[in-house]
Number of protein chains: 2
Amino acid sequence: MLKIGELAALASVSRDTLRFYEKHGLITPGERNDAGYRLYSETDVHRISFIMGAKEVGFTLNEIHQLLELEVTKDEKSCHDIKQFVDAKISIVNQRLAEIKRIKKSLQTLSSACCGGDEPATHCTILEALSEQTN
Amino acid sequence: MLKIGELAALASVSRDTLRFYEKHGLITPGERNDAGYRLYSETDVHRISFIMGAKEVGFTLNEIHQLLELEVTKDEKSCHDIKQFVDAKISIVNQRLAEIKRIKKSLQTLSSACCGGDEPATHCTILEALSEQTN
DNA sequence: ATAAACCCTGGAGTACAGTCTAAGGTCAAT
DNA sequence: ATTGACCTTAGACTGTACTCCAGGGTTTAT
């Protein structure tokens with residue numbers, strides 16, 4: 001079992017952030033010791049890793065909460081309900097994926113158009129790179 | 001040339017958002033008419049599309065500003081400088097790409113583990129899906 | 001045994017990204 | 001010529017996601 005500072009270090013977040021996430025129902029330590037210290041399990045490590053990952057790709061804490069809530073509500077919901085919810089999220093993820101690929105392509109076009117030398121970069125612009133793409 | 005409401009409708013943002021972006025140096029209409037109305041060009045349409053796309057994949061307005069500023073500062077900077085900056089951004093984009101693929105995989109594992117029927121979804125959890133992955 | 005390093009709660013403060021309101025000017029249609 | 005839909009600014013307000021602080025208790029190392 002990890003204390004809050006240990007999990008915080010592991011996940012590269014602050015203690016305050018973990019307590020903030022707890023207040024908003026994203027992650028609750030399974031136990032507390034006699035002094036009231038939070039004690040986090042292995043599962044909590046996975047959980048915070050999922051949260052950080054989802055956050056990084058643009059899910060809000062609210063959306064992440066919904067995703068994680070699937071775990072809590074699983075017994076009350078049918079497979080059908082969950083499949084529908086998850087498939088809706090997958091389609092959002094696919095949109096994000098397409099968008100990030102578009103951005104990457106723009107940046108790569110820009111980078112490769114750039115000779116990398118010392119001359120002024122008169123023709124290096126994101127917008128030019130974007131407009132050269134057939135999207 | 002488009003008026004603010006027209007560009008707003010095109011980009012699915014509010015007029016206020018466009019003015020807010022302007023205040024923060026992201027997009028400035030090339031012209032104003034006699035009454036002081038903002039008039040946006042074709043380039044501005046591309047620009048707002050880039051902004052929305054970058055935002056969607058998790059860039060902050062500040063980061064987007066930096067990306068777009070390449071255009072403005074191009075003459076003062078060498079190709080070398082710009083290439084370095086852009087390549088750094090590409091590596092951030094690659095991280096985001098990897099992360100969103102991880103999320104997508106979790107969701108897909110979850111979805112396909114789900115029979116889709118009417119029974120309670122006892123084994124449908126994001127965390128189970130995550131822990132089944134070899135990452 | 002005592003200081004440093006950790007933990008607790010509650011609440012205030014901050015940065016970012018809008019969003020809304022007030023008070024007024026402009027434009028197009030009836 | 002006047003109504004309604006648009007535009008202007010400045011500034012107040014909101015929601016999200018932290019971040020910090022005060023005032024206290026606990027644990028660990030010397």
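Reminder, nothing fancy here: chain letters follow the sequence lines and each chain counts from 1.
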Exercise. Toward the 5' end of DNA chain C, which comes first, B:Asp34 or B:Tyr21, by nearest nucleotide?
Worked result: B:Tyr21
Seminar exercise, completed: Of A:Tyr37 and A:Asp16, the one whose closest nucleotide on DNA chain C sits nearer the 5' end is A:Tyr37
For this session: Compare side-chain N and O positions of A:Thr17 against OP1 and OP2 of D:dA17 and report whether any pair is under 4.0 Å apart.
Result: no
Seminar exercise, completed: Separation between CD1 (B:Ile100) and CD1 (A:Ile100), nearest 0.5 Å, reads 6.0 Å
Seminar exercise, completed: Between A:Asn33 and A:Ser14, the residue closer to the 5' end of DNA chain D by nearest nucleotide is A:Ser14
Seminar exercise, completed: So CG of B:Asp16 and NZ of B:Lys23: to nearest 0.5 Å the spacing works out to 9.5 Å
Exercise. Which part of the nucleic acid, if any, lies within contact of B:Lys55, taking any heavy atom under 4.0 Å across all strands shown: a base, the sugar-phosphate backbone alone, or nothing?
Worked result: sugar-phosphate
Exercise. Would you call A:Arg47 and A:Asp44 a salt bridge, taking side-chain N to carboxylate O under 4.0 Å as the test?
Worked result: no
Exercise. Is the shortest distance from a Lys or Arg side-chain nitrogen in B:Arg102 or B:Glu99 to a carboxylate oxygen in the other one below 4.0 Å?
Worked result: yes
Exercise. Base, sugar-phosphate, or nothing: which does A:Arg19 touch, judged by heavy atoms less than 4.0 Å apart?
Worked result: base
For this session: Check whether any side-chain N or O of A:Arg15 sits under 4.0 Å from OP1 or OP2 of C:dC7, and answer yes or no.
Result: yes
Seminar exercise, completed: Considering only heavy side-chain atoms of A:Lys3, the closest of C:dC7, C:dC16, D:dC7 is C:dC7
Exercise. Which of the following nucleotides, D:dT27, C:dT26, D:dT16, is nearest to the side chain of B:Ala35?
Worked result: C:dT26
Problem set entry | B:Arg32 side chain near D:dT9 phosphate (N/O to OP1/OP2, under 4.0 Å) | yes
Exercise. Does A:Arg38 have a side-chain nitrogen or oxygen under 4.0 Å from the phosphate oxygens OP1 or OP2 of C:dC7?
Worked result: no
